[in-house]
2 protein chains.
Amino acid sequence: MDVRKQILTQATRLFAGQGYDGTSVQQIADAVGIRKPSLLYHFKSKDELRENVIAEMLGHWNAVLPGLLLKASTEERFDATMEALTEFFIEDPDRARLFLRETLDRPQSMKAMLAKFVQPWVNLLGEQLERAKGRGLVRADVDPEAYAVEVITMAVAGTAVIDTLEVILPGTPARGSTRKRHARELIRVARSSLYTDNEGEK
Amino acid sequence: MDVRKQILTQATRLFAGQGYDGTSVQQIADAVGIRKPSLLYHFKSKDELRENVIAEMLGHWNAVLPGLLLKASTEERFDATMEALTEFFIEDPDRARLFLRETLDRPQSMKAMLAKFVQPWVNLLGEQLERAKGRGLVRADVDPEAYAVEVITMAVAGTAVIDTLEVILPGTPARGSTRKRHARELIRVARSSLYTDNEGEK
DNA sequence: CCTACCGATCGGTAGG
DNA sequence: CCTACCGATCGGTAGG
């Protein structure tokens with residue numbers, strides 16, 4: 001029964017690209033190559049399908065990020081933490097778009113998810129940044145949690161819209177290199193606004 | 001005939017909050033207090049209404065920003081430019097949400113608008129940052145246009161979702177102060193990742 | 001600015 | 001996983 005996975009894949013792609021309200025169950029069924037009632041046999045309602053799409057994304061999140069974040073933060077390589085976070089979204093822009101749309105469309109349910117899956121990590125990171133501040137490693141004027149929120153926003157939203165915003169950038173060289181240019185500058189901004197001094201990383 | 005303005009106001013509010021596809025003409029008519037066909041007398045179609053809502057936003061943009069940006073950039077107060085930009089969106093979060101949704105929903109038409117209304121300013125800013133770089137005022141590793149895109153993204157997206165993301169921030173003091181905390185850290189990040197040295201601004 | 005009404009599409013169900 | 005079908009709502013029109 002991996003028609004379920006096909007449905008989830010197509011639903012993710014369409015919800016990310018056109019939004020939940022802008023996507024009909026019919027369109028998803030067409031993309032999979034089945035009839036609408038067949039889709040509704042696997043997922044009782046459009047809303048249940050949406051919940052499963054979100055759950056799948058949070059699954060990736062929970063499988064991949066904790067290891068990266070924990071490792072990076074215990075070593076006090078905060079920039080590596082930010083790079084890992086950025087890569088998680090850049091790897092699959094649909095993830096970023098879905099996340100952003102869900103935040104706009106269902107702020108209340110997103111609040112609950114953020115409280116459960118993101119806040120603990122931001123708090124942990126915040127404490128460690130606070131300590132690093134005391135030791136002069138991190139700038140004194142940094143607001144740790146607010147800083148984390150800004151970087152997360154920049155990573156998610158930047159990745160979600162960079163293909164559209166690239167029209168602003170003049171020298172557009174090879175295909176897809178705009179994403180790299182975005183990623184590089186994002187990391188640079190995140191890093192240089194955090195540390196008291198450059199550590200000489202390329 | 002300021003029922004037209006009422007329609008535009010309610011449409012802006014509802015499109016920003018629920019999206020274009022998530023808002024029916026009926027809902028907008030109800031919010032204004034007229035019948036659906038009456039609304040469609042003022043705006044021939046839902047799509048024409050959307051275009052007018054966007055045009056109104058771009059009108060504000062063109063009326064307010066050029067002066068601010070030109071003044072700030074000729075004085076080489078780039079951080080003031082960024083502050084002005086941030087304030088433009090923070091002043092009315094619906095503006096940021098609408099802008100973000102339009103970028104997600106209609107990337108092609110947004111590309112055309114960006115090329116016309118934003119790219120010239122980013123180019124100008126880019127040239128000035130490049131010169132400031134040569135004089136050692138701005139960090140050597142800054143990618144001027146990419147930097148501008150990151151800051152714009154942070155300002156727009158941050159303002160659009162901060163009310164939802166505030167659940168991540170622990171010490172939530174007074175009402176609405178989360179927005180100020182967001183604005184302060186955004187400016188700090190933008191500034192400290194741009195200049196070679198602190199100029200001592202509070 | 002209204003009443004009355006239209007065809008098309010929506011999410012979803014019955015029943016096999 | 002399908003055919004057949006449902007009531008509700010969609011954007012929009014006729015006509016006044």
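Heavy-atom basis, side chains included; hydrogens, waters and symmetry copies ignored. Small disclaimer: the values here were computed from a predicted structure and weren't measured. Quick note on labels: first sequence line is chain A, next is B, and so on, each numbered from 1.
- Two residues are said to be in side-chain contact when any heavy atoms from C-beta on lie closer than 4.5 Å; Leu194(B) and Leu129(B) meet this criterion.
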| request: Carefully, step by step, assess His182(B) and Val149(A) under the rule side chain to side chain contact (heavy atoms under 4.5 Å, CB included). | output: CA-CA 8 Å; His182(B) 149 65; Val149(A) 168; 5.9 Å; no
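- For the pair Arg97(A) and Phe89(A), the cation-pi test (distance below 6.0 Å, angle within 45°) is failed.
- Under the 30°/60° scheme for interplanar angles, the aromatic rings of Phe88(B) and Trp61(B) are found to stand perpendicular.
- Ile34(B) comes within 4.0 angstrom of the backbone, heavy atoms only, and of no base.
- Heavy-atom neighbours of Tyr41(B) OH from other residues, nucleotides or ligands within 6.0 Å: at or below the threshold of 12.
- Nearest-nucleotide assignment on DNA chain C puts the 5′-proximal partner with Arg4(B), out of Tyr20(A) and Arg4(B).
- By the 6.0 Å and 45° rule, Arg106(A) stacks over the aromatic ring of Tyr20(A).
- When DNA chain D is scanned in the 5' to 3' direction for atoms under 4.0 Å from non-hydrogen atoms of chain B, the outermost contacting nucleotides are dC10(D) to dT13(D).
- Side-chain contact check for Gln128(B) and Arg131(B): no donor-acceptor pair (N or O, by modelled atom type) lies under 3.5 Å.
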| query | Given Watson-Crick or G-U pairs with both distances under 3.5 Å, what dot-bracket string fits DNA chain D, with | for other-strand pairs and [ ] for crossing? | reply | ||||||||||||||||
| field | Worked check of side chain to side chain contact (heavy atoms under 4.5 Å, CB included) between Val122(B) and Leu125(B) | value | CA-CA 5 Å; Val122(B) 170; Leu125(B) 184 61; 5.6 Å; no
